[in-house]
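Please read all numbers here as calculations on a predicted model, not as lab measurements. Here is the naming used below: chain letters follow the sequence lines, and residue numbers restart at 1 for every chain. Just so you know, these numbers use all the heavy atoms, side chains as well, and skip hydrogens, waters and symmetry mates.
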Amino acid sequence: MLDLKDVAKNFDAVVARLTARGGALDLSAFQALFAERKRLYTVVEAEQAKRNKLNDELAKASPDERKQRAADMKALSSAIKDQEGQLKALEEKLTTLLYDVPNVPDESVPVGASADDNTVVRTWGEKPTFLFTPKQHFELGEQLGLLDFERAAKVSGSRFAFLKGDLAKLERALVSFMIDQHTAKGYVELLPPYLVTRAAMTGTGQLPKFEADAFKTVGEHELFLIPTAEVPVTNYHADEILEAPLPLKYCAFSPCFRAEAGAGGKDTRGLVRMHQFHKVELVKFARPDQSMAELDALTKDACEILEKLGLHHRVVLLCTGDMGFSSLKTFDIEVWLPGQNTFREISSCSNFGDFQARRAKIRFRQNKGDKPQLVHTLNGSGLAIGRTLVAILENGQREDGTVKLPEALWPYLGGTKELTALR
RNA sequence: GGACAGAUGGCCGAGUGGUCGAAGGCACCUGACUCGAAAUCAGGCAUACCGGGAACGGUAUCGUAGGUUCGAAUCCUACUCUGUCCGCCA
């Protein structure tokens, strides 16, 4: 969330820059609430000071005197309690308001309304050429008998899949391959919980605004299925003052669960948009003056996976209108899918500035003995496993429907170098 | 799931109704000593907000939320988490 004082101080500028994100945003109540809060604060604090003073006197007074003045104190106390209640209600209103306000985009983010206004930053590799019409991944997978949506629908409904045989093995291989690549670069592997509290979801910004997108447990213990490992891994350091030198770098494999509310009929076929998918996530905690450089490095680390797999891709800088709620600046990595004849997002790398750190209370000291200040948090997919698998299928396909697998994965596949029909 | 114990500053830990933002220790910072370091000594050292140029002053915060009381770290209730024992279980 944004800094309360900062919003109050630079109200018009903040509103102007938030407007560039598009979407409805009503901050009209903010200033009045903020002024009223300030006024009440002053009043309450003065009353509290009075109470504390009288109390000190009372403590030293004789029993008789104490009895006499107790009634006055009681009146004062209950008046204060009343005001404190009002103040708390105000505070809650303001917080609720701010919780629903997205991050202010960084200066370097291009202003735009939709994905059409994103900027391609760089491209790696070239589109592979085919002497036949390339198929989509689900056709290939189903024809090889390695991918089963029908039975998944029977068991779980739409947007689920069974992977079978070597395709399931490929999924596992991708996980290990990616984790090994990242840990070799100094990312510490974390295997996080997949169910998290409301507080954790609020800390990273999924709640309160996007509750409809999340799966939630029933029963007296309310827990949320993580939509990304970002949630448990970022909150790993919630309420902490980091003492170790920054940046802290983590990578984490986890399943991700998304309700995909509002996705409507989008990407109904194939593995591209599922209620459950696997992802290796990169998370960093960085110093504010270094976070933008760390974002570039993180994005490169994610790209490198695609390079090692030989997959044609490009890096896109999202415009103000296409960015996620909590983000200060986001690069998407898009991989080429010949079957769909398009680039598809396979990773989203963001610098959140202090937006999440303020919610989750994650701080650090610039130098020993300094006052703690908020860290900057970053994360990015490194990469989405399911979509990587899609890219491998579509890019590696042969005319006969078999698929050649990237050499980098061979050590992880125990001798399997291509996908062929099951049995 | 049942029983008991506990939750205090960056860390450890004392504190059972007022003089407690909180002893003591560790860590850290400054200074003295030293060629330098260690050791030792002296001082400093929570967070947020408000006022002030600053010194400083005020307010809140002792797991969370309520309650009792003139007054709560301290008493009461609920919840959360941790530990130990019992039961159950992959």
Side-chain angles (χ1 to χ4, degrees), chain A residues 1-10 30-31 33-99 191-203 207-208 216-217 219-224 232 235-246 248 255 285 287 354-355 357-375:
Chain A
M1 104 180 119
L2 300 175
D3 179 53
L4 188 67
K5 276 186 345 193
D6 193 55
V7 175
K9 203 170 156 190
N10 309 307
F30 179 85
Q31 279 179 306
L33 282 173
F34 187 78
E36 176 60 7
R37 185 191 83 121
K38 188 163 181 176
R39 189 194 67 79
L40 246 185
Y41 244 111
T42 315
V43 173
V44 171
E45 285 197 355
E47 296 285 288
Q48 285 170 329
K50 193 167 152 194
R51 181 190 61 190
N52 289 348
K53 200 172 172 189
L54 289 179
N55 233 331
D56 282 350
E57 291 171 20
L58 258 191
K60 292 169 197 147
S62 67
D64 269 1
E65 211 178 331
R66 206 176 280 183
K67 219 170 185 177
Q68 253 180 25
R69 296 169 65 170
D72 292 348
M73 282 296 295
K74 194 162 190 165
L76 182 59
S77 282
S78 88
I80 289 174
K81 206 168 230 177
D82 192 56
Q83 289 169 336
E84 283 173 341
Q86 291 176 36
L87 192 58
K88 200 177 161 189
L90 254 178
E91 202 84 67
E92 254 162 46
K93 261 190 207 167
L94 265 174
T95 312
T96 308
L97 198 67
L98 269 196
Y99 265 148
L191 193 80
Y194 305 152
L195 288 162
V196 297
T197 60
R198 177 171 286 272
M201 290 285 277
T202 305
L207 293 182
K216 190 165 71 167
T217 60
E220 67 273 35
H221 250 63
E222 179 192 66
L223 287 171
F224 294 83
N235 282 284
Y236 182 70
H237 286 303
D239 292 310
E240 289 185 21
I241 297 171
L242 304 176
E243 300 288 355
L246 300 179
L248 292 175
F285 300 83
R287 289 167 43 146
D354 60 16
F355 189 86
R358 186 171 295 108
R359 290 175 166 230
K361 297 191 188 68
I362 312 169
R363 296 174 297 169
F364 79 107
R365 294 180 208 275
Q366 187 94 308
N367 299 296
K368 295 247 176 194
D370 280 2
K371 281 187 174 280
Q373 56 177 303
L374 296 170
V375 295

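Here the C1' atom of nucleotide B:U59 and the CD atom of A:Glu91 are 13 Å apart, to the nearest Å. Distance, A:Lys53 NZ to B:U19 P: 17 Å, rounded to whole Å. Atom CG of A:Leu76 is separated from atom P of B:U59 by 13 Å (rounded to the nearest Å). As rounded to whole Å, 17 Å separates atom P of B:G18 from atom CZ of A:Arg51. To the nearest angstrom, C1' of B:G58 lies 14 Å from CD of A:Glu47. A:Asp239 places its CG atom 12 Å from the C1' atom of B:U64, with the value rounded to the nearest Å. One interatomic measurement links the two molecules: CD of A:Glu240 to P of B:G9, which rounds to 14 Å at whole-angstrom precision. When the C1' atom of B:U19 is taken as reference, atom CG of A:Asp56 falls 8 Å away, rounded to whole Å.
Between the side chain of A:Asn235 and the backbone N or O of A:Ala200, at least one donor-acceptor pair lies under 3.5 Å. The backbone N or O of A:Ser77 sits nowhere less than 3.5 Å from a side-chain atom of A:Arg51 that would complete a donor-acceptor pair. Between the side chain of A:Arg359 and the main chain of A:Tyr99, a donor-acceptor pair closer than 3.5 Å is present.
B:C88 is unpaired under the Watson-Crick or G-U wobble criterion, no partner having all donor-acceptor distances under 3.5 Å. Nucleotide B:C49 has B:G58 as its partner under the Watson-Crick or G-U criteria, with both atom distances under 3.5 Å. Summarising the base pairing, B:U34 is matched to no nucleotide, lacking a Watson-Crick or G-U wobble pair whose two defining distances lie under 3.5 Å. A 3.5 Å limit on both hydrogen-bonding distances identifies B:G18 as the Watson-Crick or G-U partner of B:C70. Under the Watson-Crick or G-U wobble criterion, with both distances below 3.5 Å, B:A23 has no partner in any strand shown. Pairing for B:G6 goes to B:C81, judged as Watson-Crick or G-U wobble with the two contacts each under 3.5 Å.
Each of B:A60, B:G18, B:G58 was ranked by its minimum atom distance to the side chain of A:Leu58; first place goes to B:G18. Comparing atom distances between the A:Lys88 side chain and each of B:G66, B:U68, B:A60 picks out B:G66 as nearest.
On the P atoms, B:C4 is 33 Å away from B:G10, given to the nearest whole Å. B:C79 and B:G2 are spaced 11 Å apart, taking the P atom of each and rounding to whole Å. Between B:C62 and B:A73, the two C1' atoms lie 5 Å apart (nearest whole Å). The C1' atoms of B:U59 and B:G21 are separated by 12 Å, rounded to the nearest whole Å. B:G66 and B:U61: their P atoms are spaced 12 Å apart (whole Å). If you take atom P in B:G58 and the same atom in B:A22, they sit 12 Å apart, rounded to whole Å. Across the C1' atoms, B:G36 and B:G51 are found 47 Å apart, a figure rounded to whole Å. B:C56 sits 30 Å from B:A39 when the P atoms are compared, rounded to a whole Å.
When heavy atoms are screened at a 4.0 angstrom cut-off, A:Asp72 is found touching no nucleic acid atom at all.
The shortest distance between the side-chain N/O atoms of A:Ser77 and the OP1/OP2 oxygens of B:U69 is not below 4.0 Å. Side-chain N/O atoms of A:Asn52 include none lying less than 4.0 angstrom from OP1 or OP2 on B:G58.
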Just the table, please: protein N/O against nucleotides 47-56 of chain B N/O, every pair under 3.5 Å.
| unit_1 | atom_1 | unit_2 | atom_2 | d |
| --- | --- | --- | --- | --- |
| B:C49 | OP1 | A:Lys5 | NZ | 3.4 |

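Looking only at side-chain heavy atoms (C-beta outward), A:Glu91 and A:Tyr41 come within less than 4.5 Å of each other. The side-chain heavy atoms of A:Arg37 and A:Lys93, taken from C-beta on, include no pair separated by under 4.5 Å. The closest side-chain heavy-atom distance from A:Phe224 to A:Leu207 is below 4.5 Å. When side chains are defined from C-beta on, A:Leu223 counts as touching A:Thr197, because their heavy atoms get closer than 4.5 Å.
Residues satisfying the side-chain hydrogen bond (donor to acceptor under 3.5 Å, both in side chains) criterion with A:Arg39, sequence neighbours excluded, are A:Glu36.
Checked by atom type, the side-chain pair A:Asp56/A:Asn52 shows no donor-acceptor distance below 3.5 Å.
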